[in-house]
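For reference, the structure I am asking about is given below.
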Amino acid sequence: MSFVGEPFDASYFAGIRPEGYTDYASIPWWSGIADNIEFELETVAGKDVLEAGGAFGFLAEELRLRGATVTLVEFSAYA
């Protein structure tokens with residue numbers, strides 16, 4: 001596997017960052033992003049969604065809870 005820049009490891013995903021990436025509950029914006037996606041698609045329920053680079057899958061989980069079938073692809077070994 002090759003990387004462009006630094007590899008995404010534990011310090012990227014779970015380190016001290018202004019945005020934070022520690023857990024779903026600490027990140028309030030996933031539901032807002034899912035709202036925007038649903039607005040554009042009218043609904044995600046019953047749709048197949050591919051999320052590329054989804055890290056821990058917080059957005060994928062939000063969409064799954066709304067009825068989408070989600071496939072997540074992540075290239076970081078840590079995430």
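Worth knowing before you read on, the calculation uses all heavy atoms, side chains too, and leaves out hydrogens, waters and symmetry mates.
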| task | Indicate, with yes or no, if F58 and L63 share a hydrophobic cluster defined by side-chain heavy-atom contacts under 4.5 Å among Ile, Leu, Val, Met, Phe, Trp and Tyr. | result | yes
| task | Determine which pairs satisfy salt bridge (charged side-chain N to carboxylate O under 4.0 Å, His left out) with at least one residue from residues 41-52, sequence neighbours left out, and list them in order. | result | none
| query | Measuring from E74:CD to F56:CZ, what's the distance to the nearest 0.5 Å? | reply | 8.5 Å
| field | Atom pair CG (L72) and CZ (R64), whose distance is rounded to the nearest 0.5 Å | value | 12.5 Å
Check residues 33-41 and write down every donor-acceptor pair under 3.5 Å in which the side-chain atom is one partner and the other belongs to a residue at least two apart or another chain.
residue, atom, partner, partner atom, Å
D35, OD1, R66, NH1, 2.9
D35, OD1, R66, NH2, 2.9
E38, OE1, R66, NH1, 2.9
E38, OE2, V44, N, 3.2

| For V70, the option from L65, V49, L59 that meets side-chain contact (heavy atoms from CB on, under 4.5 Å) | V49
